[in-house]
Amino acid sequence: MTQVFTGERTLLSPVLRPVERGIYALCSVDEKREQHWVTYAVAMLFFSVAGFLSLYALQRFQAVLPFNPQGQSEVEQGLAFNTAMSFITNTNWQSYVPETTMSYLVQMAV
């Protein structure tokens with residue numbers, strides 16, 4: 001870990017370093033520059049909102065998504081909101097039985 005965080009070469013550097021550089025270029029990130037705390041806070045909020053929306057959508061549309069061999073219907077909107085919010089806030093409070101409420105895809109993704 002020390003080698004990774006100090007930017008030294010590691011065993012996997014020849015394979016992973018080009019991938020890392022590509023992601024940085026795609027996202028317009030300068031790896032030499034420190035991130036300001038406001039930029040970090042805004043990025044964290046956007047990430048949380050995107051995570052909430054994707055978790056909510058997965059639950060609401062599970063009836064038409066793949067990996068649903070039991071034919072589970074969509075999750076009721078209140079329960080979907082509660083579940084997505086609890087996972088985003090890391091409380092992980094569940095008021096359902098996953099095997100009888102969520103499809104395989106939703107269980108894997110969420």
Side-chain angles (χ1 to χ4, degrees):
M1 284 178 61
T2 302
Q3 289 175 318
V4 170
F5 289 126
T6 57
E8 297 175 31
R9 186 176 169 86
T10 64
L11 178 67
L12 293 176
S13 290
V15 175
L16 296 180
R17 186 67 179 137
V19 174
E20 182 181 34
R21 269 193 241 114
I23 292 171
Y24 284 158
L26 185 68
C27 297
S28 301
V29 172
D30 179 9
E31 63 182 299
K32 304 289 186 209
R33 216 174 100 220
E34 290 288 325
Q35 188 176 38
H36 193 266
W37 72 269
V38 174
T39 307
Y40 177 81
V42 170
M44 184 186 68
L45 288 173
F46 277 126
F47 184 78
S48 293
V49 168
F52 171 80
L53 293 174
S54 62
L55 294 174
Y56 182 81
L58 274 172
Q59 294 175 78
R60 293 293 291 153
F61 295 116
Q62 82 173 353
V64 295
L65 294 174
F67 301 114
N68 188 7
Q70 287 87 11
Q72 303 284 3
S73 63
E74 68 275 350
V75 178
E76 185 268 321
Q77 63 183 357
L79 181 59
F81 179 89
N82 184 30
T83 303
M85 189 60 72
S86 74
F87 275 75
I88 292 302
T89 58
N90 205 26
T91 53
N92 298 336
W93 182 75
Q94 298 178 9
S95 61
Y96 61 90
V97 179
E99 293 79 19
T100 61
T101 309
M102 306 289 181
S103 68
Y104 292 152
L105 175 66
V106 174
Q107 287 184 58
M108 289 187 298
V110 174

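Once rounded to the nearest 0.5 Å, the distance linking CG of Leu65 with CZ of Arg60 reads 12.5 Å. Going from atom CD of Gln107 over to atom CD of Gln59 covers 11.0 Å, rounded to the nearest 0.5 Å. Taking OG1 of Thr6 as the reference point, atom CD of Glu8 lies at 3.5 Å (rounded to 0.5 Å).
Nearest heavy atoms, Ala80 versus Val75: N-CG1, 3.7 Å. Of all non-hydrogen atoms in Gln62 and Thr101, the two that sit nearest each other are NE2-O, 2.8 Å.
Listed by chain and number, the residues in a side chain to side chain contact (heavy atoms under 4.5 Å, CB included) with Val64 are Phe61 (sequence neighbours excluded).
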Report all side-chain donor-acceptor pairs from residues 18-29 shorter than 3.5 Å, counting only partners two or more places apart or in another chain.
unit_1, atom_1, unit_2, atom_2, d
Glu20, OE1, Arg17, NH1, 2.6
Glu20, OE2, Tyr24, OH, 3.2

Considering only distance and modelled atom types, tabulate donor-acceptor pairs under 3.5 Å from the side chains of residues 38-56, sequence neighbours left out.
unit_1, atom_1, unit_2, atom_2, d
Ser48, OG, Met44, O, 3.1
Ser54, OG, Ala50, O, 3.2
Ser54, OG, Gly51, O, 3.0

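Alongside Phe5, the hydrophobic cluster contains Met1 (criterion: ILVMFWY side chains under 4.5 Å). Other residues sharing a hydrophobic cluster with Leu11 under the 4.5 Å side-chain heavy-atom criterion for ILVMFWY residues do not exist; the residue is a singleton.
Screening residues 64-86 for side chain to side chain donor-acceptor pair (under 3.5 Å), with sequence neighbours left out, gives Gln70-Tyr104.
Contact annotation: the side chain of Leu79 approaches that of Ser95 to within less than 4.5 Å [non-hydrogen atoms, C-beta and beyond]. In this structure the side chain of Arg9 reaches within 4.5 angstrom of the side chain of Pro14, judged on heavy atoms.
Under a cut-off of 6.0 angstrom, the local environment of CZ in Phe67 is sparse, with at most 12 non-hydrogen atoms contributed by other residues, nucleotides or ligands. For Glu34, the CD atom is loosely surrounded, since the number of other residues' heavy atoms within 6.0 Å does not exceed 12.
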